[in-house]
Amino acid sequence: MEYEEAKQLIIDGLTKKSKSKSKFYFSDLAKILDMKPRAAKKFVNQMVTEEILEFWSSGSTSMYGLKGMGKQAAAEHED
Amino acid sequence: MAKHDTPLLDQLESGPWPSFVSDLKQEAEVRAKNEKNVEYQIPQDVVEDLLGVLELSFKDGTTHWKHGGIVGVFGYGGGVIGRYCDQPQQFPGVAHFHTMRVNQPAGKFYTSDYLRKLCDLWEFRGSGLTNMHGSTGDIVLLGTTTPQLEEIFYELTHDFNQDLGGSGSNLRTPSDCVGQARCEYACYDTQDLCHHLTNEYQDELHRPAFPYKFKFKFDGCPNCCVASIARSDLSFIGTWKDDIRIDQDAVKGYVDGNLKPNGGAHAGRDWGPFDIVKEVVGLCPTECMRYENGKLEINNRECTRCMHCINVMPRALRPGKVKGCSLLAGAKAPIVDGAQMASLIVPFIEVNKEDGYQAIKDVIEKIWDWWMEEGKNRERLGELMKRQGLQKLIEVLEIDPVPQHVQEPRHNPYIFWKEEEVTGGWDRDVNEFRKHHQR
């Protein structure tokens with residue numbers, strides 16, 4: 001799979017679910033791409049670098065979301 | 001005059017132990033006086049407000065922190081733990097109070113100059129409050145605001161030659177004992193292995209793609225000074241393959257009272273003359289020692305490397321010469337499924353600096369591939385091992401089962417063979433069968 005295709009799959013997948021939730025586990029992203037975790041990680045990392053995705057961390061667990069989506073950004077006065 | 005009244009916290013100071021409340025008050029005072037003329041980049045009264053919010057939490061019986069968030073430094077999914085106060089008007093100094101984890105140097109060797117510089121940086125850009133060290137061994141810098149994060153990260157990486165540590169669903173900052181730098185028991189160079197793997201697995205440390213946290217800890221010997229066996233998903237414990245080396249003259253030295261047992265520790269009271277049979281031979285958990293006619297003998301085949309005899313008589317007994325480490329997996333604290341000690345998976349593995357520790361990396365990467373694919377969200381390796389069984393892990397690692405993998409004699413009389421383990425597999429020729437068996 002090429003990066004552009006993977007990027008679109010993730011954006012579409014997360015946008016579709018964005019009404020119910022805005023933060024996703026890494027395994028959700030790997031599932032959307034239907035790839036092994038290590039292969040999926042390369043695409044996901046690139047999307048973070050391009051600021052399409054952003055990390056969210058509770059301190060113990062990490063999640064991913066589309067940048068600026070969800071309550072978190074506003075609640076943290078970060079936008 | 002303190003900014004907030006803190007009668008409940010003041011009461012904590014009355015106990016017999018050093019109090020963190022006194023430490024906080026001291027820091028609050030230092031910041032208020034600012035004798036060094038520091039241009040504080042976060043509110044000067046941050047510590048006053050920290051005391052205030054803590055007092056309020058004691059009063060209300062609930063926390064006033066909101067934990068977690070999107071804050072971090074660019075490209076890193078860990079190292080910063082977002083924290084916000086839910087009463088920012090009342091306590092503006094701690095409206096943002098993020099924690100930064102800094103990867104401690106292997107063995108926690110510092111120069112005083114480094115520590116001074118680090119504290120100066122944290123006074124300047126943070127609250128001045130630190131935790132040396134957190135559970136994973138990191139230098140924990142407590143309390144700063146979002147705009148400071150990138151500034152601090154830049155200074156750490158450019159001026160301190162220092163990286164952030166791990167948090168979230170990452171490889172956590174690898175942690176080791178002081179090892180061969182100061183300890184004669186260390187069976188391998190813990191600091192080199194810890195440092196090497198920290199560099200090797202930078203991607204795993206900073207870009208979260210694991211189901212949950214994953215910890216490495218390195219102990220040079222089975223004394224386990226960093227408690228790797230209880231506190232890390234993958235524990236590296238130094239061990240040896242051959243016989244414990246015995247110096248019979250030194251054994252005599254201990255028996256005659258010329259050498260102090262335990263390296264002179266526990267010497268605060270008179271325990272009476274040293275009794276080798278009672279204090280060493282009799283306490284051997286596998287009863288593999290004998291002291292007769294002034295000679296100490298060890299049946300090394302039965303030794304489980306508990307270290308007791310070596311700890312008591314370090315001048316007389318030393319670990320063998322063929323050294324390496326044991327790998328144990330699956331320890332964790334009691335969050336979801338109760339506390340768990342690690343299980344032995346590789347009894348002996350060579351720790352070979354020359355080939356970049358390849359044998360160890362092979363094991364690590366097979367474990368990660370399995371856990372990343374099979375682990376549920378927020379499931380630790382130890383829980384996956386429990387769910388799918390040690391047998392599955394042994395298969396994944398492509399190693400043969402050994403007696404050390406067996407915890408207890410099995411109580412299930414059935415053996416579930418796999419097809420490839422049975423000669424001829426499951427297929428059978430029905431016609432051939434019917435020749436000998438009627439319907």
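In the text below, chain A, chain B and the rest are named by the order of the sequence lines, each starting its count at 1.
B/Glu204 has a carboxylate O that lies under 4.0 Å from a charged side-chain N of A/Arg38, or vice versa, which qualifies the two as a salt bridge. Using a cut-off of 4.0 Å between Lys/Arg side-chain N and Asp/Glu carboxylate O, B/Asp203 and A/Lys41 are scored as salt-bridged.
Contacts between residues 2-18 of chain A and chain B, defined by a heavy-atom separation under 4.5 Å, are made by no residue at all. For residues 45-52 of chain A, the interface with chain B (any heavy-atom pair closer than 4.5 Å) comprises A/Asn45, A/Val48, A/Thr49, A/Glu51, sorted by residue number. Near-neighbour residues of residues 58-66 of chain A relative to chain B, defined by a heavy atom under 4.5 Å from a heavy atom of that chain, comprise A/Ser58, A/Gly59, A/Ser60, A/Thr61, A/Ser62, A/Tyr64.
Of the listed residues (A/Phe26, A/Phe55, A/Trp56, A/Tyr25), just one forms a side chain to side chain contact (heavy atoms under 4.5 Å, CB included) with B/Pro208, and that residue is A/Phe55.
B/Arg83 meets the side chain to side chain contact (heavy atoms under 4.5 Å, CB included) test with B/Trp65, B/His67, B/Phe97, B/Thr99, B/Leu142; sequence neighbours excluded.
Of the listed residues B/Gly77, B/Gly166, B/Pro211, the one with more heavy-atom pairs under 4.5 angstrom with chain A than any other is B/Gly77.
Only the backbone of B/Tyr76 comes within contact range of chain A, with heavy atoms under 4.5 Å apart.
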